Number of protein chains: 2
Amino acid sequence: MDVQIDLILKRNQLSVTGSRMKILELFLESKGALAHGDIEKRTGEKFDRVTVYRTLQIFLEKGIIHNIPTSDNSVRYALCTNDCSEGHHHDNHVHFVCSACSNTTCLADVMVPSVKLPVGFSPEESQMVVTGICKDCK
Amino acid sequence: MDVQIDLILKRNQLSVTGSRMKILELFLESKGALAHGDIEKRTGEKFDRVTVYRTLQIFLEKGIIHNIPTSDNSVRYALCTNDCSEGHHHDNHVHFVCSACSNTTCLADVMVPSVKLPVGFSPEESQMVVTGICKDCK
DNA sequence: AAAGTTATGCAACTTTGTTGCAAATTATTT
DNA sequence: AAATAATTTGCAACAAAGTTGCATAACTTT
Ligand SMILES: [Mn+2]
Ligand SMILES: [Mn+2]
Ligand SMILES: [Zn+2]
Ligand SMILES: [Zn+2]
């Protein structure tokens, strides 16, 4: 695990620091997505709030995590599956938000379907969020 | 216009007040979606921030407006096309966010396609957001 | 081990959203 | 049309979320 964490950080030209290791570890352990608040809780107030913000920010830029669109004003992040790189994300899978446990899951095997847009609109990226009951809550 | 506004408010058992009329008017005029900030700007600081929050809140509950999922932490609202009622929205159309002008458009004619989920997941509602270049910016 | 580089934590601040309550406005009744 | 009842508004005070500059601490390179 520690080796993997080290590898991911170095691959992205990030210096290996306590907060980055710990936060990356959280993402690797966690099945679903994490909000800023989750991370603060699970790190046990060990790191400054500003550090958490900055770490998430740089992980996002580097393509280590991606964020997930939501209807409320919460911001959630999940680990990128693979081959995402600086500025180029390829996590075009569907996200599932459970209305019971409110966990957010990356459905890595479910691709976002393409839709036919009205004339004049040219798509760049599509995101899809499905709410409902997850497999742990049914 | 004024008659229409009056009608919508009364149909939803809302008392007809200055702020509600004005904010509803903004939605009727505007082609795209509005964020809380847009509304504050366009009303010209005429109403208290709290009033705007509460008005949006009740419009949402009544099914007069719906909110649109975004990847950043912004909250955007758009007028419901029709037949949405208290607690029951039926705006299952695709939303388009322009990366040039950053306007958000309801693609009322484009339905959100359904996807096949892994076993154990039961869907309730699906939302889809497409980013790209809109017809005004191409 | 020392120097150079980068990240962290603190403080101070801005923005965003919430709550209680008295005054004002709107709806209803007489 | 005036009085009463019900609802909404704005203010104040607060809480939560996010940002920025800068000195210190930690990490990396030599
Ligand atoms: Mn994902
Ligand atoms: Mn819409
Ligand atoms: Zn669940
Ligand atoms: Zn545009």
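So you know, we letter chains A, B, ... as the sequences are listed, proteins then strands, and number each from 1. Any value given below was found using the heavy atoms of this structure, including those in side chains, with hydrogens, waters and symmetry copies removed. Computed from a predicted model, the values in this text were never measured in an experiment.
- Using a 3.5 Å distance cut-off with no hydrogens or angles, the side chains of A:Arg20 and A:Thr55 do not pair a donor with an acceptor.
- Scanning DNA chain C 5' to 3' for nucleotides with an atom closer than 4.0 angstrom to a non-hydrogen atom of chain B gives a first and last hit of C:dT16 to C:dA27.
- A distance of 10.0 Å separates NZ in B:Lys135 from SG in B:Cys137, rounded to the nearest 0.5 Å.
- Qualifying ring-ring contact (aromatic ring centres under 6.0 Å, His included) partners for B:His36, counting only residues two or more places apart in sequence or in other chains: B:Tyr53.
- Helix-axis bend for the helix from C:dA1-D:dT30 to C:dT30-D:dA1: the local axis fitted to the five terminal pairs at one end deviates from that at the other end by 30°, rounded to 10°.
- Annotation: the span from B:Phe96 atom CZ to B:Cys106 atom SG amounts to 13.0 Å, rounded to 0.5 Å.
- Residue B:Leu9 contributes atom CG, which lies 16 Å from atom P of D:dT7 at whole-angstrom precision.
- Ionic pairing of A:Lys10 and A:Asp6 is present here: one or more N-O contacts between side-chain nitrogen and carboxylate oxygen are shorter than 4.0 angstrom.
- An OP1 or OP2 oxygen of D:dA17 is reached within less than 4.0 angstrom by no side-chain nitrogen or oxygen of A:Asn73.
- In this structure, CG of A:Asp72 is placed 14 Å from C1' of D:dA17, rounded to the nearest angstrom.
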Distances under 3.5 Å only, N/O to N/O: pair up the protein atoms with those of nucleotides 23-29 of chain D.
| residue | atom | partner | partner atom | Å |
| --- | --- | --- | --- | --- |
| D:dC27 | O3' | A:Val16 | O | 3.4 |
| D:dT28 | OP1 | A:Val16 | N | 2.7 |

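- Residue B:Thr70 holds its OG1 atom at 7.0 Å from CZ of B:Arg76, rounded to the nearest 0.5 Å.
- In the hydrophobic cluster analysis, where Ile, Leu, Val, Met, Phe, Trp and Tyr join through side-chain heavy atoms closer than 4.5 angstrom, A:Ile5 is grouped together with A:Ile58.
- DNA chain D is contacted by A:Arg49, A:Val50, A:Tyr53, A:Arg54 of residues 41-55 of chain A, taking any non-hydrogen atom closer than 4.0 Å.
- In this structure, CD on B:Glu61 lies 9.5 Å from CG on B:Leu14, to the nearest 0.5 angstrom.
- Note that CG of A:Leu34 is 9.5 Å distant from OG1 of A:Thr104, once rounded to the nearest 0.5 Å.
- Residues B:Ile65 and B:Cys80 share a closest heavy-atom pair of C-SG, 3.4 Å.
- We find the OG-CD1 distance between A:Ser19 and A:Ile39 to be 11.0 Å, quoted to the nearest 0.5 Å.
- Computed from coordinates, the A:Arg76 CZ to D:dA17 P distance equals 13 Å when rounded to whole Å.
- Applying the 6.0 Å contact sphere to CG of B:Asp72 captures more than 12 heavy atoms from other residues, nucleotides or ligands.
- For B:Phe27, there are no ring-ring contact (aromatic ring centres under 6.0 Å, His included) partners at least two apart in sequence or on another chain.
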